[in-house]
Every structure is written in C-alpha cells, then in structure tokens.
There are 2 protein chains.
Amino acid sequence: MKLTSKGRYAVMALVDLAKFNSINPVSLRDISLRQGISLDYLEQIFSKLRKKEIVQSVRGIQGGYVLNKKAKEIKLTNIFDAVDEKVKTVQCKKESKKGCNGRSSKCLTHDLWDELENHINNFFEKKSLEDLIKDNFERRI
Amino acid sequence: MKLTSKGRYAVMALVDLAKFNSINPVSLRDISLRQGISLDYLEQIFSKLRKKEIVQSVRGIQGGYVLNKKAKEIKLTNIFDAVDEKVKTVQCKKESKKGCNGRSSKCLTHDLWDELENHINNFFEKKSLEDLIKDNFERRI
DNA sequence: TATAAACCTGACTAATTTAGTCAAGTATAT
DNA sequence: ATATACTTGACTAAATTAGTCAGGTTTATA
C-alpha cells in the first residue's frame with residue numbers, strides 16, 4: 001500500500017499555497033521552485049483541483065492560483081478525491097456481485113477491508129489544510 | 001493508495017487456514033480451490049509466511065501448512081510485514097537526509113505522512129487473525 | 001497593441017510495480 | 001516406488017505512475 005506522489009504533491013502544493021496566500025495569487029512557477037515539483041506536473045494537478053473548486057485560477061501576468069475556500073474547510077479527503085488518490089482495498093466490489101455478497105467464501109475478509117477503508121478515510125476527513133499549516137508553524141517555535 | 005493483492009491474498013489464505021486448522025495440515029491446493037487464488041502464487045506467499053514463522057510446513061503426502069502461533073497472536077501487521085506489504089507514504093526518508101530534516105521547505109508535510117503511517121499501522125497492530133475469524137463467524141449467526 | 005507571464009489541455013513515454021506463470025526441483029507418507 | 005505437496009528462482013505481460021512535451025489561450029502592463 002502506498003500513497004502516490006500525485007497525492008503527496010497536491011497536499012504539499014496546497015500547504016505552500018495556503019502559506020503564501022495573500023491578496024495576490026500564487027503562481028505555479030513559484031510553488032514549483034519552492035517545492036521542487038515539475039511545473040508541468042503541477043499544472044496537471046491544479047487543473048484537477050480547480051475542477052473540484054478547491055482553488056481558483058487567475059489568468060494573465062501576475063496570475064496564479066488562490067484557495068477557493070477557507071483552509072479550515074479544505075480537508076485531505078477533498079484533496080485526495082480531486083486528484084484521484086483513493087484508498088482501494090478490495091476488488092470484489094466492482095466485480096461480479098454474485099461472487100461477493102458478503103457471505104461467499106471468497107470474501108472471508110470483505111468486512112476487514114471495509115473497516116480499513118473507513119479507518120483511513122476517517123483520518124483524511126478530520127485533517128484540514130489549516131491543521132497542517134498550524135502544525136508546521138508550531139514546530140518552528 | 002492501494003492494497004496489493006499479495007497482501008489481500010495472504011490474509012484471505014490465513015483466515016482460510018485458521019478456519020480449517022485442525023490436527024491435519026491444510027494443503028495449498030485446498031486453499032487455492034476454496035479462495036480462487038493461483039497455486040503458484042500461493043506458494044510464493046507461503047514461502048514468505050514460513051520464513052517469518054507465521055506458518056509451519058509439513059512435507060509429503062497429507063502435508064500442508066499449519067499456523068505456527070495462536071490466531072490471537074498473529075496480527076495483520078505481522079502478515080503484511082511478511083509479504084512486504086507496507087504503508088509507504090513519504091519518499092524523503094530514504095533519500096538525502098540533508099534535504100529533509102523536518103525543517104526544510106521540501107517537507108512541509110513530513111509530519112503528516114508520519115502521522116498517517118502511525119494511524120494505519122495502529123489498525124494493523126490491533127487486528128489479529130482471531131478477530132477476523134470471530135467477525136466471520138458472528139456474521140453468519 | 002505587442003508581449004511576456006502564466007494558465008490550460010491532451011497526448012505521449014519511460015520506468016516501475018504487480019500479479020502472476022513456468023520450470024525444475026526436494027521431501028515424505030503410504 | 002510413487003504421488004502428493006512443499007520449495008525456489010527466473011521470467012513476463014499488463015497496469016500504473018510519474019512525469020515530459022507540444023501546443024495552445026488569456027490578460028496585465030509597458
């Protein structure tokens with residue numbers, strides 16, 4: 001089980017954005033330089049974040065991105081959802097429902113994966129961008 | 001983030017094994033048939049489980065595998081560890097330690113991934129094979 | 001109004017990982 | 001003896017990931 005770097009980058013970039021979020025939008029070029037993430041890759045990521053209304057774009061010179069909600073209202077779960085980073089534990093859900101009704105011997109562990117998914121998603125739902133910035137700030141004191 | 005099928009199969013196979021664990025060892029052939037997992041693949045998996053002393057092998061006719069500990073003492077974390085299924089969240093640990101000392105701007109989210117790993121591993125450490133069998137049994141009542 | 005900064009999009013690709021298969025054994029109960 | 005079942009290592013096809021690349025469009029400002 002691993003987290004993909006698309007998800008990690010999305011979170012890193014948003015923390016960076018939130019930190020530098022003032023009146024002016026933050027350009028991807030700046031985030032790219034500060035975080036060491038390829039500009040082209042960031043563009044892919046922010047395209048998805050924009051579609052999910054997590055950020056807003058400002059075009060033209062001096063343009064960039066701004067948060068579209070308060071940092072407190074942006075949860076990890078929203079970010080991961082936007083970039084298609086999701087917890088996949090069990091196959092049988094999509095496949096033949098006949099094979100897996102929760103009682104078949106094929107799914108001895110079905111409930112376990114459900115429980116695991118819930119456990120992880122619970123973590124993502126509680127954690128907001130604001131929490132991350134706060135943690136980051138407190139560590140520096 | 002996804003769980004690989006090697007990890008899933010390992011857990012499924014061990015639940016199966018634990019259920020049919022009597023005086024006689026359980027052959028991989030039987031598990032293969034009951035759980036629909038390729039025999040060759042199961043062999044790879046059980047080779048690893050044996051090396052970590054989770055199961056014991058019995059060779060020859062009427063051979064197979066038996067649990068090497070009580071189901072209560074086998075935690076998910078042991079199983080996943082044996083088959084190299086692990087939670088990987090952040091890269092910077094292995095790489096240049098210079099780049100990531102917890103204060104560099106590259107690791108704005110370092111603590112987050114640590115926290116996530118702990119959260120998930122905590123789940124794995126609590127859950128034993130016995131829990132899984134019990135859940136499975138109770139659901140059938 | 002020319003221009004450069006910065007967003008926007010889709011197609012492409014190399015590297016890695018996964019999920020097995022295959023082949024050639026060895027050990028042992030009957 | 002021999003069939004059953006464990007044991008090991010090498011190999012491979014498919015999928016996924018982590019980007020790159022090329023070609024746009026928009027707009028502030030000089």
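These numbers come from a predicted model, not from an experiment. Naming convention: chains lettered A, B, ... in sequence-line order (proteins, then strands); numbering from 1 in each chain.
To the nearest angstrom, C1' of D:dT27 lies 11 Å from CD of A:Q62. For the pair B:K48 NZ and C:dA19 C1', the computed distance is 12 Å after rounding to whole Å. With rounding to whole Å, B:L42 atom CG is found 14 Å from D:dT7 atom C1'. Whole-Å rounding puts the A:I37 CD1 to D:dA18 P distance at 12 Å. Atom CD1 of B:I61 is separated from atom C1' of C:dT26 by 14 Å (rounded to the nearest Å). Spacing between atom CG of B:L28 and atom P of C:dT26 amounts to 20 Å, rounded to whole angstrom units. Whole-Å rounding puts the A:L3 CG to D:dT17 P distance at 11 Å. Here C:dT18 presents its P atom at 13 Å from CD1 of B:I45, a figure rounded to the nearest Å.
OP1 or OP2 of D:dA18 sits under 4.0 Å from a side-chain N or O of A:S5. For the OP1/OP2 pair of D:dT8 and a distance below 4.0 Å, the side-chain nitrogens and oxygens of B:S47 include at least one atom meeting the criterion. Under 4.0 angstrom from either OP1 or OP2 of C:dT9 there lies at least one side-chain N or O belonging to A:R50. Residue A:Y41 has no polar side-chain atom (N or O) positioned under 4.0 Å from OP1 or OP2 of C:dT9. Side-chain N/O atoms of B:Y9 include one lying less than 4.0 angstrom from OP1 or OP2 on C:dG20. Side-chain N/O atoms of B:R59 include none lying less than 4.0 angstrom from OP1 or OP2 on C:dA29.
No salt bridge links A:K69 with A:E53; every basic N to acidic carboxylate O contact stays at or beyond 4.0 Å.
Classified by interplanar angle (parallel below 30°, tilted 30° to 60°, perpendicular above 60°), the ring pair B:F46/B:Y65 is tilted.
Minimum atom distance to the side chain of A:T4 is reached by D:dA18, of the listed D:dT8, D:dA18, D:dA3. You'll find that the side chain of B:S57 is closest to D:dC6, out of D:dC6, D:dT8, D:dA18. Across C:dC8, D:dA5, C:dA29, the shortest atom-to-atom separation from the side chain of A:Y65 is found for C:dC8. Distances from the side chain of A:K51 to the nucleotides C:dC7, D:dA18, C:dT9 place C:dT9 closest. Side-chain atoms of B:D40 lie closest to C:dA23 of the nucleotides D:dA28, C:dA23, D:dC6.
One side chain, A:D16 or A:Q35, offers a donor N or O that lies under 3.5 Å from an acceptor on the other.
Contact between A:K75 and A:F124 at its shortest, heavy atoms only, is CB-O, 3.9 Å. The two residues B:S27 and B:G63 have their closest heavy-atom pair at CB-O, 3.9 Å.
B:F46 comes within contact range of no nucleotide atom at all, as no heavy-atom separation falls under 4.0 Å.
Taking only distance into account, the side chain of B:E43 never meets the base of C:dT21 through a donor-acceptor pair shorter than 3.5 Å. The base of D:dT7 does not come close enough to the side chain of B:Q44 for any donor and acceptor atom to sit less than 3.5 Å apart.
Looking at which nucleotide of DNA chain D each of A:K6 and A:G60 is closest to, the 5′-most match is held by A:K6.
Under the 4.5 Å side-chain contact rule for hydrophobic residues, A:V15 and A:L33 do not share a cluster.
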